[in-house]
Amino acid sequence: MAISEPVVVPQSGAADRLARTWAQPRGFWGWFQNVHHTAIGVRFMVTSFIFFLLGGVLAAMMRWQLVRPEHNAIGPDLYNQLFTVHGSTMIFLFAVPMMFQGFGVYVVPHMCGTRNIAFPRLNAFSYYIYVVGALLLWVGLFLKTGADAGWFAYVPLSGPEFTPGKRSDFWAQMITFTEVSALGVAICITTTILRYRAPGMTLNRMPILLWEKLVTSIMVIFAMPSVMVVSSMLLMDRTINTQFFNPSVGGDVLLYQHLFWFFGHPEVYIIFLPATAIVSTVVAVFARRHIFGYVPIVTSVVATGFLGFSVWVHHMFATGLPQMSASFFTAASLMIVIPTAVQFYCWMATIWHGRLQLKLPMLWIFGFFFVFLIGGLSGVMLASVPLDWQVHDTFFVVAHFHYVLIGGALFPMFGGMYFWIPKITGRMMNDRLGKIHFWLFFVGFNLTFFTMHFLGLHGMPRRVYTYTPEMRWGALNLLATIGVVFMTAGILVFIANFFQSKATGRFAGPNPWGAGSLEWATPSPPPHYNFLELPTVNGREALWEAEPNQPIVGGVREDIPEVLVTNTLDSEPEYRDELPGPSIWPFLTAIAVSIAFIWSIFSPWGIAYGAIPVVITLIGWLWPRGHSPSPRVPEPALEARWIR
Amino acid sequence: MRNRVSIAMTILLLLSITSCKREERQLRPDPNASQTLNTVQVSGLNPGANSISSPPPAGQYEESAYAVSQGKTLYNQYNCVGCHANGGGGIGPPLMDNNWIYGSEPGNVFATIMQGRPNGMPSFRNRIPEYQAWEIAAYVRSMSGLLPKDVAPSRSDQLYVKPAEQSMPYQAPAGVTGEPEEKK
Amino acid sequence: MIGFSRVPLLAAGVFASYPGDHSILHPAGPQASNIEWLYWVIFWIVFVVYVVVVLGFMRAGARTYTSADEMLPIMKDEAGDRRASWAVGSAITITVLTLFAVLVMSEITGKKVEGETSKNPVTIQVIGHQWWWEVIYPDPQADQTVTTANEIHVPVGKRVVILTNSADVIHSFWAPSINGKRDLLPGYSSAFWLQIDQPGVYHGQCAEFCGLQHAHMGFSIVAEREDAFSQWKAQQLKPAQDPTELVTVHGRDVFLSHACVMCHTIRGTDAGSRLGPDLTHIASRQMIAAETLPNTPGALAGWIVDPQRIKPGNRMSPNPLQPDDLQALITYLQTLK
C-alpha cells in the first residue's frame with residue numbers, strides 16, 4: 001500500500017504560533033533552562049557517546065598491557081582502575097544513557113504523536129544528574145581515586161579494610177547519581193507512553209519500540225533501587241562504620257552479591273531490550289512490510305522483562321550454592337532464551353516474506369544477527385551450572401558478554417544511528433563510509449573477542465594485569481589486541497562520517513526510509529513543537545495505514561505548551577495538560593543534590609547539611625505555576641475532539 | 001557548545017597533572033626506606049624530650065590513605081594488639097588517648113617503635129623495615145584523631161571493638177603530665 | 001561472514017599448540033571430564049543451531065533489492081505469513097525442547113560432578129590470603145597436621161575434599177584440568193570435591209578478583225602415587241633440620257635476625273609467625289611466590305631482595321641484605337627440603 005504523506009491543513013500562522021510557544025531559550029544560561037525532549041535526548045546521546053569513546057580508550061590501554069606476557073606498560077594499581085572504570089563507564093555511563101535514556105527521551109514523544117515528554121523538568125534534571133555522576137567517576141580516575149575493585153565492586157575487596165581512601169566511595173556515589181537519573185527518565189517515559197499517545201494508538205496498535213520502552217522503564221523502576229540500596233550500604237560500611245558486609249560480626253558478603261545481581265541482571269536486559277526494539281523497527285522498514293508476529297514479539301518483550309528478574313543467581317554459581325538453587329536458576333536462565341529466540345524467528349520470517357532492501361542500517365542489523373547469536377549461544381553454555389563452574393570469571397565470560405553487549409546493543413545502536421540521525425540532523429549519512437565502518441568494526445570485533453573464548457577455555461582468568469609466559473596465552477592475546485586497531489579505525493570513520501554529513505550530507509526530508517511510525521511525519525530535524533497537526537492513528541504502522549483524510553486532533557491550544565492526555569488502554573482523548581516551560585530549577589536542583597551526594601562521600605553530615613539547598617531548590621521547582629489564563633473564546637471550542 | 005566542551009577538556013587535563021595525595025600509593029618503597037637500621041641510636045630518653053623533627057618521609061605516609069591502612073594491618077599483624085590492644089592498652093599504655101609519654105610527632109612514634117622503650121616496649125629495629133614503621137606510626141597517630149578524617153582508616157572487617165579511626169575525635173596531645181601542649 | 005570463517009583456522013592453531021595442564025579441554029579427573037563432556041555436547045548443539053539460524057538469515061536476505069534507491073512500496077504476503085506461522089511455531093517448539101535437553105544434561109552432569117564424594121577422603125583446608133594459598137592437611141592429632149603453602153599434593157585416584165575459607169577477601173580456587181571453581185568466601189566454608197586420575201602437576205589460579213596481585217596468585221596440584229604422597233606428607237611433618245655448616249648456620253641467623261621472622265614460620269626454629277607462607281619445607285616446592293617464579297637460587301634471591309618489583313603491592317617488604325648475608329640465607333633456605 002502506498003504511504004500516505006501527512007496531510008497538513010495549513011492554518012494561517014499556526015507554525016509561527018507553535019514555534020513561539022514551544023521555543024527554548026538560547027544563550028549560555030538558556031542552555032541550562034531547556035526542557036524540550038529533543039534537546040535533552042540529544043544531550044544524553046552525545047554525552048554518552050563521548051563516554052563510550054573514553055571507555056574505549058581505557059579498553060585499548062588494557063589490551064595494550066595484555067599484548068604480551070609480563071608486559072610492564074601498566075602497573076597493577078592503574079590496571080585495576082582501568083578495567084573498573086571501563087566496565088562502569090560502558091554499563092552505567094554509556095549503555096543505559098544511550099540506549100534507554102537518550103534514545104528513548106528523543107524518540108518516544110515523537111512516536112506517541114505528542115509535543116513533549118511527560119515531566120519535562122524531571123527529564124532535564126535527570127540529564128544533569130547523569131553528567132555529574134559521570135564526571136565524578138572520571139575525575140576520580142584522573143585524581144588517582146579511580147574505582148579499582150571491578151565494576152561490580154564485590155565486598156570485602158571494595159569494603160573499608162581492603163580499599164583504603166575514597167575509591168569505592170566515588171564508585172558508589174556514581175551509582176547513586178546514574179540510577180537517580182535512570183529512574184527519572186523511566187518515570188517520564190512510562191507516563192508519556194501510557195498517557196500521551198495519539199488518539200487511535202491503542203495498546204494493540206502501539207509500535208514495538210514503545211512497548212519495549214515501557215517494559216524497560218518498568219524494569220528500571222524495579223531494578224535500580226536494588227543497586228542504590230547496595231551501593232548505599234557499601235558507602236555506609238565505609239563511612240559510618242555499619243557492619244552490613246562484615247562477616248565477623250554477622251554481616252554477609254553474599255548479601256552484596258545477591259542485591260547487586262538482582263539489579264545487575266535486569267540491567268543487561270535494560271540495555272538489550274532497546275536494541276531489540278531498534279531491530280524490530282528497522283527490520284520492518286527495510287523488509288517493506290509489517291513486522292511478522294507483532295503479538296509474539298510484544299509478548300516476548302514483556303516476558304523478558306519479567307524473566308529478567310528471575311535469573312540473577314547465575315552470576316553466583318561458583319559460590320557454593322545449594323543444588324536446588326543452582327537447578328532453579330539454570331532452568332530460569334535457559335527459559336529466558338525462549339523470548340529472544342521467538343523474536344529472532346519473527347525477524348527472520350519478516351525478512352523472508354518481505355522485500356528486503358539492504359541499506360546501511362539493515363547491514364548493521366544483519367551484523368547484530370550474526371554476532372549477538374554467538375553471544376546468546378555462549379550464554380546457553382554459561383547457563384549450565386557445571387560448565388559455568390569452569391568458565392566463570394574467565395575470558396570466556398568476557399567474550400560472552402562482549403558478544404551480547406556489543407553484538408546485541410552496539411550493532412543495533414549503530415544501525416539505529418544511521419537510521420535516525422537523518423531525522424535528528426536533517427541530513428543523510430554517507431553510505432560508503434558507513435559500510436567501511438561496518439566492516440572494519442565487524443572484523444576487529446570478532447578478531448578481539450572470538451579469541452577470548454579460547455583464552456577462557458585455556459584457563460586465563462579475568463582481571464589479570466599480566467600473565468606468565470609459561471601459560472602460553474601470548475599468541476591469542478596478541479591477536480585480540482590487533483583487533484582493537486580495526487575497531488578504532490571503524491569508530492573514527494564513523495565520527496568523520498557524522499561530522500561530514502552534518503555539514504554537507506544530502507537533505508533527508510521527513511521520511512527518507514519510507515518508515516511507518518509517527519516520528520517520520522515531522523520535518524527533519526523536527527521543530528520544537530514536533531507536529532504541526534497532532535496526528536491520530538489507524539493501525540500499527542501509523543503512516544502506512546493512514547488514510548488520505550486521516551483525522552487530526554483539534555482544540556489543543558497553541559499559545560501555551562499544552563499536550564493531549566489520552567486514556568491508557570484505548571487512547572481516547574481525556575483532557576489537555578499544560579506542561580511547564582523552560583526552567584532553571586532542574587539545573588539548580590541537580591547542583592544542590594550533587595553537592596549533598598558528593599559531600600556525603602567525605603562526611604555523613606553532607607546528607608544533613610546538603611539537604612538544605614536541595615529543599616530550597618525543590619521549593620523553587622515545585623512552586624505552583626498556576627494555569628495560564630484562558631483566552632476569551634467559548635468553552636466548547638476548547639475541547640479536544642476529532643475533526644472528521 | 002564547543003566552548004563548553006573545550007573548557008571541560010581543559011579542566012580534565014589540568015586535573016590529570018595534579019593528583020590527590022590521599023590516594024597516592026607507593027607500592028614499591030624507596031630502597032633506603034626499607035633498610036632496617038643497623039646503627040646504634042642514642043637519644044634523650046626521658047619523658048617529654050624534645051621531639052625528633054619529623055623528616056620529610058612522615059608526610060608522604062600521613063597523607064596517603066593506603067599507607068595508613070597498611071599501618072593498621074601491620075599493627076594487627078605484628079601483634080601490637082598484644083600489649084596495646086586496639087588502642088585501649090593493657091600491658092602497654094593506651095595509644096588512643098592524648099597522653100604521649102615519648103611525644104606524639106610522627107618521628108617520636110617512629111623512634112619509639114625502632115628503639116624500644118623502658119618497661120616492655122621492644123625495639124623493632126632490624127625487624128620492621130623503616131617504611132612500615134612510618135606507616136604504623138601514622139596509624140597510631142590516627143587513633144587519637146590526629147589525622148584528617150578522609151585519610152584515617154575505616155573500620156576493619158573484624159570484630160567491632162572500637163569505632164573506626166575516621167570517627168575518632170581529635171585529641172590534642174597532652175604529654176605525660178596531662179596538660180595540653182600547644183597545638184603544632 | 002568473515003568472523004565466522006576464522007573459527008576453523010584459529011581452532012586448529014590453538015588446539016594444536018597448547019598442551020594441557022591447565023585447560024578445561026584437557027581434564028585429568030572425573031569432575032573435569034564430565035564437564036568437558038558436557039561442554040562438547042552443548043558446543044555441538046549450539047554450533048548446529050548457529051549454522052541453521054545463520055543459513056536461515058542468509059536465505060531470508062538472499063533476494064535483496066539494493067539497486068533500488070527509492071524505498072519500495074509496502075507489501076503484504078499473507079500466504080507466506082501463514083507458512084511462516086507454522087515454521088516459527090515449529091522452531092519455537094524445537095528451541096524449547098533443545099533447551100530442555102540442555103537443562104537435563106546439565107543436571108545430570110552437575111549431579112555426577114558433585115556426587116564424587118567419599119566417606120574417607122583426603123581432607124585439605126585451603127585458606128585464601130592476599131595473594132597466596134595457605135594449605136593445611138588437618139588431622140585430629142595436632143602434631144600430624146601439615147601446613148604448607150601454594151603447592152598441594154594429592155594421591156592419584158583418591159577422592160579429595162577441599163574445605164574452603166578466606167582470610168580476607170573473596171578468592172576462587174580453580175584448577176581447570178581438575179574441576180570447576182569454588183569461591184573462597186570469608187565467613188563461609190564449603191566442601192569442594194576433586195579427584196585426579198593421572199599423575200602430574202596441574203596448575204591453578206585464583207579466579208576471583210582479589211586486589212593488586214590477583215594476576216600472580218597461582219597454585220599447583222601435584223598428583224602422585226599413594227606411596228609418594230605419604231612420603232611427601234611425612235617429610236612435611238618434620239621440623240626443619242638444624243643447619244650444621246657455617247654458611248647455613250649464618251643463613252639461619254640472618255633469617256632470625258631480620259624482618260623474615262616477623263611473617264614466616266620455620267618449624268624447628270623460633271620463627272613462628274603465621275602471616276606469610278610456611279617456609280619449613282620451602283626447598284621442596286617447585287615454584288615460589290604463588291607460582292610466579294621458579295624455585296631457583298637466583299629467583300629466590302631476587303624475590304627476597306625486592307618482592308615489590310615482581311609482585312608490586314604484595315605484603316612482603318623489600319629486604320636489602322648484604323651480599324654475604326643474602327648468599328648465606330639462600331643456602332640455608334635451600335636446605336629446607
Side-chain angles (χ1 to χ4, degrees), chain A residues 1-2 75-77 150 154 156-157 162 247 253 288-289 292-293 318-320 327 330-331 334 337-338 341-342 345-346 348-349 351-353 355-358 366 369-370 373 377 380-381 384-387 389-390 392-393 442-443 446 450 454 457-459 461 463-466 472 513-514 544, chain C residues 1-3 14 18 22-25 35 38-39 42 46 50 53-54 56-57 60-61 64-66 68 71-75 77 80-81 84 88 91-92 95-96 99 102-103 106-107 109-110 113 169-170 172 176 180-183 185-187 190 205 207-212 214-215 312-313:
Chain A
M1 73 191 77
D77 193 28
Y154 278 170
L157 181 63
F162 298 101
V253 300
R288 308 311 292 151
R289 52 158 293 165
F292 175 89
T319 56
S327 307
T330 301
L334 290 171
V337 173
I338 300 173
V342 166
Y345 301 140
C346 291
M348 196 191 295
I351 303 172
W352 196 304
H353 295 287
R355 249 187 249 140
L356 177 68
Q357 282 186 271
L358 191 55
F366 269 97
F369 291 142
F370 296 137
L373 195 52
L377 294 172
V380 167
M381 295 171 112
S384 148
V385 172
L387 202 42
W389 281 335
Q390 281 281 34
H392 168 69
D393 250 336
F442 185 83
V443 165
N446 279 301
F450 201 78
F454 300 109
L457 292 172
H458 284 287
R463 299 171 161 175
V464 290
Y465 77 102
T466 188
R472 281 179 272 206
W513 309 114
W544 293 350
Chain C
M1 300 248 104
I2 287 187
V14 162
Y18 293 89
H22 54 266
S23 166
I24 293 173
L25 303 173
I35 298 178
L38 182 68
Y39 169 79
I42 301 185
V46 304
Y50 186 75
V53 173
V54 160
F57 275 115
T64 76
Y65 296 77
T66 15
M71 298 307 291
L72 297 170
I74 304 299
M75 55 158 281
D77 183 359
D81 279 2
V88 169
I92 295 174
T95 306
V96 172
L99 289 171
V102 168
L103 175 65
S106 298
E107 290 298 306
T109 309
V113 168
V169 298
I170 301 179
S172 192
K181 58 184 60 71
R182 178 63 58 91
D183 284 357
L185 302 160
S190 68
Q205 204 154 342
E208 181 62 60
F209 178 59
C210 51
L212 286 165
H214 167 65

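We name chains A, B, ... by the order of the sequence lines, and we start the count at 1 in each one. We use all heavy atoms of the structure for the numbers below, so side chains are in, but hydrogens, waters and symmetry mates are not.
- Heavy atoms of C/E208 lying under 4.5 Å from chain A belong to its backbone as well as its side chain.
- Under a 3.5 Å cut-off, the side chain of A/R463 and the backbone N or O of C/F209 do not form any donor-acceptor pair.
- In plain terms, the two heavy atoms of A/A349 and C/V88 that are nearest each other are CB-CG2, 4.1 Å.
- Distance check: A/H353 NE2 to C/M75 CE gives 9.0 Å after rounding to the nearest 0.5 Å.
- Between the CD1 atom of C/I24 and the NE2 atom of A/H458 there is a distance of 9.0 Å, given to the nearest 0.5 Å.
- Here the side chains of C/I170 and A/P156 are in contact, with some heavy-atom distance below 4.5 Å.
- For the pair A/M348 and C/V53, the tightest heavy-atom approach, listed with the atom from each and the gap, is CE-O, 3.7 Å.
- Residue with the most contacts toward chain C among A/T319, A/V385, A/I338: A/T319 (heavy-atom pairs, distance under 4.5 Å).
- Taking CG of C/L72 as the start and CD of A/Q357 as the end, the distance is 3.5 Å to the nearest 0.5 Å.
- No other option in C/G187, C/S172, C/G61 has as many heavy-atom pairs under 4.5 Å with chain A as C/G61.
- Taken from CD1 in C/I35 to OG in A/S384, the straight-line distance is 8.5 Å, to the nearest 0.5 Å.
- Listed here is the closest heavy atom pair of A/L387 and C/L38: N-CD2, 4.2 Å.
- Classified by interplanar angle (parallel below 30°, tilted 30° to 60°, perpendicular above 60°), the ring pair A/F366/C/F57 is perpendicular.
- The closest side-chain heavy-atom distance from A/R288 to C/Y65 is not below 4.5 Å.
- Contacts of C/T109 with chain A are made by both backbone and side-chain atoms, with heavy-atom separations under 4.5 Å.
- The shortest side-chain heavy-atom distance between A/L157 and C/H214 does not fall under the 4.5 Å cut-off.
- Of the listed residues A/G75, A/A341, A/P76, the one with more heavy-atom pairs under 4.5 angstrom with chain C than any other is A/P76.
- Note that the CG atom of C/D77 and the CH2 atom of A/W352 stand 12.5 Å from one another [nearest 0.5 Å].
- The choice from A/P461, A/G459, A/A318, A/G293 that makes the most heavy-atom pairs within less than 4.5 Å of chain C is A/A318.
- In this structure a side-chain-to-backbone donor-acceptor pair under 3.5 Å is present from C/Y50 to A/F370.
- For A/P247, the part sitting under 4.5 Å from any heavy atom of chain C is the side chain, from C-beta outward, and nothing else.
- Here the side chain of A/Q390 pairs a donor or acceptor atom with the backbone of C/P176 at under 3.5 angstrom.
- In this structure, the portion of A/F162 lying under 4.5 Å from any heavy atom of chain C is its side chain and not its backbone.
- Ranked by heavy-atom pairs under 4.5 Å with chain A, the list C/V46, C/I42, C/D81, C/V113 is led by C/D81.
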